[in-house]
Amino acid sequence: MSGGDVVTWAGRLNGLQQYSSAVLTPDTATGGLTYRQLLDGCGIHGCKNAFCAGHSITADNEVLIFGGHADKVQWFRRYNHATGNLTAVELMPSGRWYPTPVTLHDGRVVVVGGIIDSGQAGWHAEGNYTADNPTYTVYNPAGAGGKGTFTEDKMDMYEQLHEAFPIHTYPHVVLLPDGGLAMSAGKTLVKYDQTGEESFARAYPMEDRPGPPWSYPQTGQGTPLPIEPPYDRIWFLASGGNADDRARVTTPASDTAHLIELTGGPSASWEDVGPMPYERVMGDAIVLCDGTIGYFGGAGQGIAGWNLKEGETQTFEFRDGTVWECPEKCSKAFDWRLEPTIYDPTTGRWSAQGSLAKSVRPRLYHSITMLMHDCRVLTSGSDVSWDFTAEFYSPPYLSAGPRPAITAATPTRLLPGQPITVSYTTTDPVTRALLIRNAANTHSMSFDARALWLNVTSNAGGQLTLATPASGSVLPPGPYMLVLNTDEGVPSNAQTLTVLPSSAP
Ligand SMILES: [Cu+2]
């Protein structure tokens with residue numbers, strides 16, 4: 001969230017309340033996290049199970065939760081972290097289990113796809129289209145006098161979602177500079193044009209991602225690379241996932257990695273930038289404070305989900321020597337990826353096997369990975385062990401030299417195009433500034449993930465001025481982390497900035 005809190009909520013596991021939700025606040029004295037229960041009783045779920053939903057964060061520091069689990073797939077909740085109140089718990093036009101939200105320039109949120117009925121056995125059986133929801137709806141938080149409104153379900157993305165079914169949930173959707181969207185579902189990739197404030201039209205298909213379908217539950221890792229001035233080109237990195245078309249417990253993960261320019265038109269093609277040093281399924285790929293991409297968690301074999309085999313137990317031994325006897329609903333993933341991988345988009349290099357520090361616990365299905373304001377990485381959760389632990393990872397940049405410090409950045413709330421003035425202290429020269437949007441993370445997805453390198457227009461005497469892109473589709477509204485980098489690539493702590501909704505796309 002804006003300011004550095006982590007808002008979290010659980011499913012019904014391990015004696016925790018079904019609707020338990022909490023705020024984790026970084027404790028600068030200890031380097032750890034403090035824990036505070038949020039909204040006792042119903043939590044920010046609003047008593048409507050929000051397991052396997054899609055989330056986004058608004059410029060007002062609200063969490064929007066679209067969909068849920070079991071008989072709660074149709075529910076929507078709006079939680080305001082500034083006031084601590086749940087301001088809406090209401091029905092969407094239809095059920096969405098594993099949908100993807102994406103925030104537009106004016107704060108509206110497109111909610112794409114998902115499964116309409118999570119209770120249906122064999123929902124992802126080939127041809128079982130009755131479980132599918134191949135539509136999208138647009139949520140307008142400002143609609144109905146600020147109460148919020150949904151459009152009716154719309155069919156413009158039906159062709160792609162239907163083609164990719166059943167490996168099409170949690171599709172990767174990226175907002176483009178022209179206000180359109182690029183969506184990867186299964187292995188298909190399609191460009192959509194925005195044709196109205198709340199409508200899109202299929203523009204053209206782009207090249208399929210090479211290899212098997214990589215959407216959930218085949219769960220590869222994807223992220224847009226940091227966008228550079230003049231912000232007219234967006235590159236997307238897609239990697240890993242399962243190595244077969246229809247994965248099972250025994251299916252290995254893939255080590256493939258491909259880049260495509262989403263703004264490159266119908267003839268853009270995937271460029272092979274692999275192999276990664278590890279095959280990885282169910283990991284996370286997130287932008288780090290120096291613009292590199294960090295890969296965390298996941299496995300070298302297996303498939304999203306649990307229930308290894310009915311009645312089968314499993315013994316897990318963690319790296320700190322603790323042992324967990326899993327009594328039921330055990331993980332379907334093996335060959336844990338404890339060591340992160342870092343990809344540098346400027347050199348095209350991957351960190352070598354054995355070069356980075358390992359985590360203690362595996363982070364598999366239903367785990368999370370987030371960049372913190374101090375530029376460490378938080379990894380937590382995992383169904384492998386019904387795991388409620390959390391770990392911090394310190395990337396090598398934190399010990400690569402003296403860190404600069406931001407003493408002030410103004411304005412703290414800005415429109416796209418407004419310059420930012422930053423005061424800082426440093427030992428080494430500060431040369432670059434990265435703006436990273438706070439993403440909402442679950443199931444290897446970081447919804448609304450986006451990072452932008454900013455043009456430094458002046459820099460003298462511990463004060464610099466940064467230009468920001470004028471387009472709200474390049475700089476969509478929400479909370480961002482501003483980070484300065486030295487010429488050695490050492491980042492400062494992040495300063496919270498909020499980008500406001502803009503009328504101009
Ligand atoms: Cu799930």
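Every heavy atom of this structure was used, including side-chain atoms; hydrogens, water molecules and symmetry mates were not. Every number for a ligand or one of its atoms is a count from 1 in the order of the listing. Here, residue 1 is the first one in the sequence, and each next residue gets the next number.
Salt-bridge annotation for R361 and E391: absent, with no side-chain N of the basic residue lying under 4.0 Å from a carboxylate O of the acidic one.
The number of protein N, O or S atoms lying under 2.8 Å from the Cu ion (ligand 1) is 4.
Applying the ring-ring contact (aromatic ring centres under 6.0 Å, His included) rule to W270 yields no partners; only residues at least two apart in sequence or on another chain are considered. Shown here are the ring-ring contact (aromatic ring centres under 6.0 Å, His included) partners of Y393, two or more places apart in sequence or in another chain: F296. Contacts of H81 classified as ring-ring contact (aromatic ring centres under 6.0 Å, His included), with partners at least two apart in sequence or in another chain: Y79.
Going from atom CG of N61 over to atom CE of M1 covers 4.0 Å, rounded to the nearest 0.5 Å. Atom CH2 of W324 sits about 11.0 Å away from atom OG1 of T315, to the nearest 0.5 Å.
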